[in-house]
Structure formats: C-alpha cells, structure tokens
Student: 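Got a structure here, written out as structure tokens. Questions coming.
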Number of protein chains: 2
Amino acid sequence: MDTIKHIPENGKPRVVIIGAGFAGLKLARQLANTKYQVVLIDRNNYHQFQPLFYQVATSGLEPASIVFPLRKVFQKRKNVHFRMADLLEVNPNVHEIYTSLGKLSYDYLVLATGVDTNYFGNRNIEQYGIPMKSVSEAIFLRNSILRNYEKALNESDPEWAANYMNIVLVGGGPTGVELAGALAEMKSEILPKDYPELDFNLMNVYLFQASDRLLNGMSEKASAKAEQYLNKLGVIVKTNARVVDYDGLKILMANGEIFNSYTLVWAAGVVAPAIKGISEVAATRGGRLRVDLNNKVRGLNHVYAIGDLAFQAEGDYQHGHPQVAQVGLQQAGNLGRNLKNLLRNKEMKAFHYKDRGSLATIGKNLAVADLPGIKIQGFLAWLLWLFVHLMAIVGVKNRFFILTNWVWNYFTSDQSLRVLIRPKKRSFTDKASQKLHERNRINLN
Amino acid sequence: MDTIKHIPENGKPRVVIIGAGFAGLKLARQLANTKYQVVLIDRNNYHQFQPLFYQVATSGLEPASIVFPLRKVFQKRKNVHFRMADLLEVNPNVHEIYTSLGKLSYDYLVLATGVDTNYFGNRNIEQYGIPMKSVSEAIFLRNSILRNYEKALNESDPEWAANYMNIVLVGGGPTGVELAGALAEMKSEILPKDYPELDFNLMNVYLFQASDRLLNGMSEKASAKAEQYLNKLGVIVKTNARVVDYDGLKILMANGEIFNSYTLVWAAGVVAPAIKGISEVAATRGGRLRVDLNNKVRGLNHVYAIGDLAFQAEGDYQHGHPQVAQVGLQQAGNLGRNLKNLLRNKEMKAFHYKDRGSLATIGKNLAVADLPGIKIQGFLAWLLWLFVHLMAIVGVKNRFFILTNWVWNYFTSDQSLRVLIRPKKRSFTDKASQKLHERNRINLN
C-alpha cells in the first residue's frame with residue numbers, strides 16, 4: 001500500500017487523529033501551531049454539529065449551516081494536514097494506519113471515531129429504520145417524511161393514508177425527544193397548511209422508550225417535565241415500550257402490540273464501530289475502547305482514544321462516562337495539554353470529568369436543563385439551550401444563518417426548507433462516479 | 001389507471017399545468033383565486049431558480065436558497081392543487097393525462113415542461129459528462145469538483161493530479177460563461193487556501209464553444225467583453241471548438257486535439273423531452289411544440305404549450321423565440337389573461353414578445369448587459385445583474401439569504417459551503433426507498 005501523499009517527513013512528531021467530531025476537531029485545533037505535525041482524517045470533508053441534526057430532519061435548518069468545511073478551519077494552521085479517507089486498519093506494532101488513501105506512520109495515534117447506530121443485530125430494523133447519526137441521514141429522514149406526505153395525499157382510504165403520516169421514534173434520548181417535539185409542531189403548525197386535503201387527526205407521532213423514563217441521562221424532574229411537554233404537544237409517549245421488529249410498515253412491540261408507520265426513526269442505541277487492529281485488544285461494552293486516565297488505550301502505547309469511543313473508569317464514572325459532546329471536548333482538552341506537556345518532558349495529568357449539566361429542548365419555549373446545583377424548565381431553559389447551541393456551532397456565518405433561521409421560524413412557524421432535493425438517479429454517489437472514472441477508456445485514436 | 005386522488009370535481013373548468021418552472025409557476029399564480037380549478041404538476045415539490053444553479057455548483061449558494069417549496073406558494077390559494085408526479089402520457093382525444101399518481105381529465109392542458117440537456121446522441125458524453133439543468137445536477141457538480149480535489153491531493157505525479165484539477169466547460173451560453181467565471185475565481189481565491197499542497201499553475205478552466213463567439217444570444221459587443229473578462233480571470237476560452245467524444249478523462253475535439261479532465265460540464269445544447277401523445281402531433285426542431293399565436297399547440301384543441309418547450313413563429317421571431325425565462329414568463333402572462341378572458345367570453349389576444357434585454361455575469365464586478373437601446377458592461381452591468389436576479393427569486397427569506405451570502409462572499413472571497421454531503425449509500429434515492437416499502441412484508445404473527 002502506498003503512503004498518503006504530500007505529508008512531509010519533517011522531523012516533527014506526528015499526531016494522527018481519526019475523526020473530526022467534537023473531540024477530534026478540538027484536539028486538532030489545540031495542537032495547531034505547535035511542534036507537532038497533525039494529520040486529521042475523517043470520512044467527510046466537514047465537521048458535523050450533531051445536536052442540530054433533528055432540525056435538518058424537520059426542515060428547520062439547512063444542512064450546510066450545521067456542517068463546517070474542515071479545510072477552512074485549518075487554512076492558516078500549516079502544521080495540520082486534513083485528509084478525507086476511511087480508516088481500514090491499525091498496526092500498533094509498527095505504528096502505522098491503513099486508509100483508503102494509503103498508509104501512514106504515526107508517533108501518536110488518537111482515535112476519535114465516535115459511535116454509530118446500534119440495531120442490536122436486527123437486520124429488518126437496520127434495513128427499514130432511519131438512523132440519525134449523520135447529516136446525510138437527517139436529510140434522508142427529511143426527504144422520507146416529505147415523500148410520504150405526497151404518497152398519503154394519493155391514498156383514497158384515510159386509514160391507509162395514516163400509515164404514511166404516522167411517525168414512530170424509537171429511543172427516548174435527546175434525539176428522540178427533540179425530534180418528537182419538532183415533528184409535533186410540524187403536525188400542528190405546518191403540514192395542515194401544506195396538505196389541506198389530509199385529516200391530521202389521523203396522524204400520530206409516537207415516541208417509544210424501552211426504559212421507564214425519557215432522557216435517562218438527566219434528572220427525574222427533567223424526564224417528567226419533558227414527557228409532560230411532549231404530551232402537551234400531542235406526542236404519544238410510551239415508556240417501557242420495546243420495539244422488537246419492523247418490516248417497513250408494521251412495528252412489532254415486545255408486548256405483542258403492533259403499530260403501523262412507513263417512517264420509523266431508530267435512535268435507540270449506539271455502538272462503537274470495530275477498529276481492526278485495536279478493538280481486538282481493548283474493546284469492552286458497546287465496542288468502546290478501554291482507556292487509562294490519560295486516555296491511552298489499554299495494552300497499547302502511543303495509541304489514545306477520546307470521546308464517545310473511549311471507555312474510561314474514573315471518579316464517579318466507574319462504568320464509563322455518558323456518551324455526550326462535553327466528555328469528548330474535555331478529554332480532547334486534557335489530551336491536548338498532555339501532548340504539549342510531553343514536548344516539555346512534563347508528565348501527563350489524569351483526566352477528570354466535570355459535568356457542566358445537560359439540556360434538551362422539546363419545542364418552542366419548552367426545554368429542560370439540569371445545571372450544577374439548579375434544575376430549570378420551560379422558557380428560561382429554552383433560551384439557555386438556544387444560546388449554548390448557537391455559541392457551540394463552528395463558524396460566524398453558520399451562527400448568523402442559524403440564528404436568522406430560528407428567529408424566522410419562531411415568528412412565521414413556517415420554515416421554507418420543505419424541499420425534497422433528490423440526487424440524480426444516474427450517478428450521484430461516490431461509488432458510482434468512481435466506477436465511472438475507473439471504467440476502461442474508449443479508444444479515441 | 002386510478003384517478004389522482006383528492007382533486008374535487010366541483011364544476012369549475014380544470015386547467016392542468018405540467019411543470020412549475022418560470023412559465024408554469026407564473027401561470028398557476030395568475031389563475032389562483034379565479035373560477036378555474038388549477039392542478040399544477042411537477043416532478044419536484046419545489047420551483048428551481050435556474051439562473052443561479054452555477055452558484056450552487058461553485059459552493060457560493062445553498063441549494064435551498066434557490067429553490068422554493070410549491071406547496072408554500074399555494075397554501076392560501078384554495079383553487080390550486082399541487083401534485084408531485086411524472087407525466088407519462090397525454091390523450092388529447094379524451095382530454096386526459098396519465099401520470100405516476102394516476103390519470104386526470106382536463107378542460108385545458110398547459111404544457112410547460114421546459115427542456116433538458118441535449119447530448120446529440122453521444123452516449124459517452126451523456127454517461128461521463130455533468131449536465132446543469134437541475135439543482136440536483138448542480139449539487140452533483142459541486143460534489144464532483146470537491147471530490148476530485150481530494151483525489152488530486154493523493155497523486156504523486158503533478159501532471160496526473162492536473163487531470164483532477166482541470167475543469168472543462170462545453171457550451172458558451174450563459175451557464176458556461178457564468179460557471180467559467182465563478183470557477184476561475186475559486187481557482188485564484190479559494191482552492192489554493194484549501195489545498196496548499198497543490199500547484200494551481202497546473203489547473204486550467206477551459207470553456208469550449210462550438211460557434212464563433214460566446215453568448216450567441218447577446219450582442220457582438222457583449223460576446224467580446226465576456227471573452228475578454230474571462231481571459232482576464234485566466235479561463236482558456238476556445239471558440240469554433242467542438243467536443244466530439246469524452247471517456248471520463250480524455251476529451252476529443254473535432255479537430256483531433258485531446259484535452260484531459262475528470263470534470264466535463266455539458267451545457268452545449270437543449271432538447272425538449274418528447275411527450276407521448278403530443279410530440280407525435282406537433283413536435284418540430286429540437287422537440288419543441290409548434291404553437292399558434294395564442295400558444296395553442298398546433299393540431300390540438302384545449303392543449304397549450306408555453307416557455308422553452310413552445311415553438312412559436314411570431315413577429316421578428318419566425319424561427320422561434322430564444323429559450324429564456326423572459327419569453328416563458330411573458331407567454332404565461334398572456335395565456336393567463338386569455339384564459340381569464342375566456343370566462344367572460346372575450347376572445348384571446350395574440351402573443352407578442354417584448355425583449356427587455358439580457359444579462360450575463362462573469363465574475364466579481366464583471367457582467368455584460370444588452371438593454372433596449374443601450375449596452376453596458378462591467379460594474380454597472382454587474383450591479384444590475386445582482387438586482388434583477390435578487391428581485392426575481394421567489395421568497396423573501398431566499399432573497400435575504402442570497403443577498404447575505406453574496407455580501408459575505410464578496411468581502412471574504414471564501415464561501416463556506418465547500419462541503420461534500422453525500423447520500424448514505426444504503427438507500428437514499430426514491431427508487432431505493434420505494435423498493436424498500438414495496439418489499440414483501442415479513443410475517444409478524
């Protein structure tokens with residue numbers, strides 16, 4: 001395998017970071033303009049702001065306003081090299097990674113790949129359900145919903161039309177809760193204006209949670225309030241409700257109940273994708289990599305893991321940290337400082353997670369917030385949610401456009417992004433176009 | 001075939017409009033809140049603003065800011081029914097159309113399908129070339145360019161890397177000229193910042209025009225100025241240069257010359273798609289439908305054609321009108337008035353085209369304008385272009401976002417939309433998802 005091109009061997013110790021999510025991006029920025037050479041690798045050429053996927057899925061925001069081109073971030077950071085590639089394998093013994101662009105040696109490898117949707121082995125749900133772990137998947141959900149409403153419109157039997165109108169969300173975490181709220185608002189404020197011919201009393205938004213309360217990661221108070229808000233918005237919330245199978249229309253529950261919907265969003269669990277050469281050594285529950293207090297992967301040297309991928313037993317978190325952006329950001333910060341300390345032969349400092357609290361929004365003026373020492377709900381929590389997310393997004397322009405969209409949508413309740421932009425059937429995906437280029441050339445002579 | 005659902009038979013004469021481009025959309029709006037029942041059919045659920053496709057392709061604008069959801073346009077127009085469907089066939093004898101949603105009878109049928117890319121029968125160019133007649137195709141071009149730069153970055157041989165960096169535009173009309181200018185500006189202002197490892201002296205933007213001057217539809221003066229501006233921006237313009245074949249890399253010219261590029265944009269011609277049941281009767285050059293001075297399709301009653309699709313010999317235009325938005329808009333206006341006159345038993349007025357002039361922009365501060373009586377170029381023409389296009393776009397919000405983007409890009413020269421958002425391979429296209437839904441159900445009992 002060839003080496004990845006145009007990455008100079010300039011004597012600087014090379015830190016290879018896999019994944020440009022919250023953790024990976026923060027670490028790369030922290031090591032920018034240091035004595036390290038940083039190689040950041042992601043399968044996309046942009047950073048995705050996951051907390052707002054649900055607004056893309058519900059036509060509230062443009063995909064482009066919640067993603068940010070990575071090359072732009074590092075334009076002026078000469079020691080950072082970005083490459084769009086898939087990681088295929090790691091060989092920790094020779095300090096090499098193997099990617100779709102070729103191989104590369106590292107002095108330090110930092111794995112920040114995050115986690116992916118967990119279907120718990122159910123092939124049907126994997127095939128027919130819609131995940132929400134990438135902006136592409138959010139666009140896919142947006143298009144599915146819009147397409148299904150056009151289909152509902154061409155059904156003479158209203159009962160059957162309802163199958164296209166119903167939306168079932170599986171998983172009562174932030175994604176499920178925030179989607180449920182946004183969809184309920186679409187149902188009451190937008191869709192009836194677009195589809196006067198349809199009877200929206202037939203449409204139901206279901207939120208199924210396998211455990212006994214929503215937002216498990218938050219306080220009982222927050223869970224109760226969230227459920228109350230959702231009920232107010234007309235969402236049918238079912239706790240202790242486990243989905244066991246789905247065929248694209250029928251949803252089978254553990255208790256034998258059956259619901260019908262052509263749209264099932266699967267946000268019920270995550271699993272860390274196996275990394276060949278690493279996971280065999282250090283994977284634990286949920287595929288997460290067991291790391292020490294410096295985020296060094298157990299049993300390996302010069303290999304680190306941060307963010308959702310890392311499993312770290314520390315302080316009050318002997319069963320690992322919650323898989324949220326905050327933990328990844330703090331781990332990236334600590335590892336960044338530690339790596340800089342190494343340059344000065346200072347020793348590494350152990351990581352300790354400081355929980356700054358958590359937030360979830362349910363709808364207009366409705367959110368819940370667990371802050372250190374205080375729990376608030378309603379309008380104030382909602383304002384806090386807006387502010388925190390606006391500040392967290394990368395890029396002044398994105399921030400400005402998101403704010404404008406929010407203000408616009410808040411007052412008009414009529415976001416204008418309800419467009420079903422479909423790829424040209426011919427050859428939209430990379431694969432197709434790759435094939436296109438690799439085909440035998442015709443003879444032009 | 002079933003009838004399209006939920007379209008009431010309420011005694012109102014039904015006008016079915018096929019296509020929601022400039023002409024179709026304008027006519028539907030004009031007949032809104034009249035005694036007609038209007039059924040607007042388009043294969044997409046949005047109106048596309050074609051003049052700005054090139055800015056989507058060059059990462060200057062968000063796709064969503066140049067499209068507008070049709071249902072939103074007609075929310076308060078109760079006599080207008082929109083359906084997202086493909087037209088399959090027309091039977092003028094029984095006054096019926098057949099679509100992917102079912103059949104529908106009409107009192108008046110207005111065909112406004114516009115035209116599609118003409119590959120002049122060359123299957124290779126159709127397979128490997130990139131057209132620019134829809135926003136999906138513009139996104140496809142944007143993604144192709146970004147992907148090819150990532151590939152160039154992984155080439156050790158700079159000569160070979162150039163094959164990924166070069167961009168060849170075929171067709172010297174507005175699309176080709178405006179794309180060429182925008183790409184030349186990307187080359188000089190943006191790409192070198194994103195790809196410092198690449199040598200941009202190796203990159204060329206070619207614009208090939210088969211005839212002897214660019215912008216055939218405009219004045220000699222405008223053509224000359226446009227070519228001069230493009231040369232200034234570093235575009236290699238070749239007139240009397242006809243592309244005869246392309247294999248995805250090698251471009252063969254009529255004179256035997258060969259150029260290499262993995263990106264070939266085909267904007268060299270248009271053809272009206274055949275409409276089963278109509279074209280056999282009335283199609284003429286370029287598949288356009290021959291219409292009389294009221295835009296009634298020759299040899300048929302109650303069937304009209306407007307816009308690029310229509311071929312009308314009138315006044316100075318005995319060989320048909322130029323296929324530009326203006327003609328379609330004026331024909332829609334005239335037909336709208338005529339149809340309203342019918343309700344009052346007034347007779348139809350013949351159409352006469354008033355040329356209000358034409359514009360093309362080449363780059364920052366650079367445009368050409370042929371106005372009645374005066375031809376201007378440069379900064380003033382550019383301001384005029386900006387104003388005209390901003391006013392023509394549907395939707396206050398789109399207008400606002402486009403203006404903001406333009407101002408932002410003008411001063412930063414660094415549009416932040418360089419993101420390669422690819423559909424999930426699993427099942428993004430309608431087709432795939434349709435299959436998904438039509439599969440035999442598993443047995444849940």
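Every chain is numbered from 1, with letters handed out A, B, ... down the list of sequences.
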Student: B/Gln75 versus chain A, heavy atoms under 4.5 Å apart: side chain, backbone, both or neither?
Tutor: both
Student: Without hydrogens or angle criteria, can the side chains of A/Gln55 and A/Trp406 be said to hold a donor-acceptor pair below 3.5 Å?
Tutor: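 Judged by distance alone, the side chains do pair up.
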Student: Considering only NZ, NE, NH1 and NH2 on the basic side and carboxylate oxygens on the acidic side, decide whether B/Arg83 and A/Glu197 come within less than 4.0 Å.
Tutor: yes
Student: Is any side-chain N of the basic residue among B/Asp86 and B/Arg43 closer than 4.0 Å to the acidic one's carboxylate O?
Tutor: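 Yes, charged N to carboxylate O under 4.0 Å.
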Student: Only pairs of heavy atoms separated by less than 4.5 Å count here; which of A/Leu146, A/Ile7, A/Asp2, A/Asn44 has the most with chain B?
Tutor: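 Answer, by heavy-atom pair count under 4.5 Å with chain B: A/Asn44.
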Student: Among side-chain atoms of A/Asn148 and A/Thr263, is any donor-acceptor pair under 3.5 angstrom?
Tutor: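 Indeed, the side chains of A/Asn148 and A/Thr263 share at least one donor-acceptor pair under 3.5 Å.
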Student: Between A/Arg142 and A/Glu137, is the closest basic N to carboxylate O distance under 4.0 Å?
Tutor: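 Not counted as a salt bridge, because no side-chain N and carboxylate O are separated by less than 4.0 Å.
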Student: Could you tell me which portion of B/Glu155 (side chain, backbone, both or neither) has an atom closer than 4.5 angstrom to a non-hydrogen atom of chain A?
Tutor: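 The answer is the backbone of B/Glu155.
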Student: Taking side chain as everything from C-beta outward and backbone as N, CA, C, O, which of these in B/Phe74 sits under 4.5 Å from a heavy atom of chain A? Side chain, backbone, both or neither.
Tutor: neither
Student: Which one of B/Phe82, B/Phe400, B/Tyr195 has the most heavy-atom pairs closer than 4.5 Å to chain A?
Tutor: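 Among B/Phe82, B/Phe400, B/Tyr195, the one with the most close pairs to chain A is B/Tyr195.
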Student: What residue in B/Leu198, B/Leu70, B/Thr404, B/Val135 has the most heavy-atom pairs under 4.5 Å with chain A?
Tutor: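 Among the listed options, the one with the most contacts to chain A is B/Thr404.
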